[in-house]
Amino acid sequence: MEKKVRLRFAPSPTGALHIGGVRTALFNYLFAKKHNGDFILRIEDTDQNRYVEGAEKYIIESLKWCNINFDEGVGIGGDFAPYRQSERKKNYKKYADKLLKENFAYYAFDTSEELEKMRADLKKAKVKTPQYNGITRVNMRNSLTLSADEVKKLLDNNVPYVIRIKRLIILQMS
């Protein structure tokens, strides 16, 4: 059985839809339609700090104005709902738990201020692209640097966290 082509556009509701977003949506829409497939609109609303009220509606209206109509998505539904990323958390929880259990991921409890300080320190040290990686994470507040009791206490007290994927470095020995 041949699989149906499904392409999606997943803008963030952090402001007006810009021309680069319209371009991406148009390319995905045209490709899907050329191959008798579906075009899906999923709203990537996980960055609640930058969320702009009304932006989602504006995005949908802009796509309609451009005659880029989606087959599934916010406002019309479909077989793979929900179409807002924030509403899909429970779908991903079992996978996140599995990654944590198998030691491919870890809890990170760093505050915005701690992350900013880490970036500033790296910039001072003339690091070109400051990032949270295998080197910097050893100095941060996460389940790799804290005791199991400390992690349990933070989780029990509902301290905000993110789950970070461990980057695996594979060295080839010759």
Side-chain angles (χ1 to χ4, degrees), residues 3-97 99 105-133 136-137 140-142 158-167:
K3 291 187 178 184
K4 188 173 188 176
V5 171
R6 295 173 46 82
L7 277 88
R8 60 119 173 106
F9 177 57
S12 280
T14 55
L17 181 62
H18 57 80
I19 193 68
V22 172
R23 176 190 165 275
T24 300
L26 180 61
F27 282 9
N28 287 357
Y29 172 81
L30 291 173
F31 187 91
K33 295 306 160 188
K34 178 179 176 167
H35 296 282
N36 297 314
D38 291 331
F39 178 65
I40 296 111
L41 175 67
R42 185 187 75 213
I43 298 295
E44 185 65 56
D45 65 340
T46 55
D47 187 353
Q48 290 296 305
N49 292 331
R50 294 178 49 223
Y51 179 82
V52 172
E53 190 68 39
E56 179 181 304
K57 182 179 178 192
Y58 180 86
I59 290 166
I60 292 168
E61 288 173 356
S62 297
L63 291 173
K64 287 179 181 175
W65 184 82
C66 292
N67 207 23
I68 301 173
N69 300 305
F70 46 98
D71 303 296
E72 296 173 33
V74 172
I76 62 171
D79 293 339
F80 299 93
Y83 293 96
R84 277 186 200 86
Q85 194 68 1
S86 63
E87 296 170 1
R88 299 180 66 81
K89 288 179 186 178
K90 67 180 180 186
N91 297 13
Y92 302 131
K93 182 163 177 19
K94 69 179 178 182
Y95 299 106
D97 289 344
L99 289 169
Y106 59 97
Y107 294 104
F109 300 96
D110 314 298
T111 64
S112 297
E113 295 78 20
E114 290 168 333
L115 292 169
E116 278 305 312
K117 182 183 179 326
M118 180 262 303
R119 288 185 197 102
D121 291 347
L122 290 172
K123 284 180 183 177
K124 271 186 206 167
K126 306 242 189 276
V127 173
K128 271 188 178 175
T129 46
Q131 57 184 319
Y132 197 121
N133 59 26
T136 56
R137 71 180 176 212
M140 303 303 288
R141 280 187 334 128
N142 56 60
N158 295 316
V159 172
Y161 66 86
V162 297
I163 297 173
R164 293 184 179 271
I165 302 289
K166 283 185 187 177
R167 284 197 180 163

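When a residue number appears, it is its place in the shown sequence, counting from 1. The model shown is predicted, which means the values in this text are computed figures rather than measured ones.
Using a 4.5 Å heavy-atom cutoff, the side chains of Gln131 and Leu122 are not in contact. Counting only heavy atoms from C-beta outward, the side chains of Phe27 and Leu7 never approach each other to under 4.5 Å. Contact check for Pro130 versus Thr136: no side-chain heavy atoms found under the 4.5 Å cut-off. In this structure the side chain of Lys64 reaches within 4.5 angstrom of the side chain of Ile60, judged on heavy atoms. Contact of the Leu99 side chain with the Ile163 side chain is not registered, since no non-hydrogen atoms from C-beta on lie closer than 4.5 Å. Proximity of Leu41 to Phe9: side-chain heavy atoms (C-beta onward) are separated by under 4.5 Å at one or more points. Using a 4.5 Å heavy-atom cutoff, the side chains of Lys34 and Phe31 are not in contact.
For the pair Asn69 and Tyr29, the tightest heavy-atom approach, listed with the atom from each and the gap, is O-CE1, 3.2 Å. The shortest non-hydrogen separation linking Phe109 to Arg141 is O-NH2, 2.6 Å. Here the closest heavy-atom approach between residue Leu17 and residue Tyr58 is recorded as N-CE2, 3.5 Å. When every heavy atom of Val5 is checked against every heavy atom of Ala32, the shortest pair comes out as CG1-CA, 4.2 Å. What you find for Pro82 and Asn91 is that their closest heavy atoms are CD-ND2, 4.3 Å.
Taking 4.0 Å as the cut-off between side-chain N and carboxylate O, Asp71 and Lys33 count as a salt-bridged pair.
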Would Arg119 and Glu116 satisfy salt bridge (charged side-chain N to carboxylate O under 4.0 Å, His left out), going step by step from the backbone distance to the final call?
CA-CA 5 Å; Arg119 288 185 197 102; Glu116 278 305 312; 2.9 Å; yes
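For the pairing with Tyr83, the side-chain hydrogen bond (donor to acceptor under 3.5 Å, both in side chains) check across Arg88, Arg8, Glu72 returns one residue only, Glu72.
Within a 6.0 Å radius of OH in Tyr95, other residues, nucleotides and ligands contribute 12 heavy atoms or fewer.
Glu44 pairs by the side chain to side chain donor-acceptor pair (under 3.5 Å) definition with Arg42, Thr46, not counting sequence neighbours.
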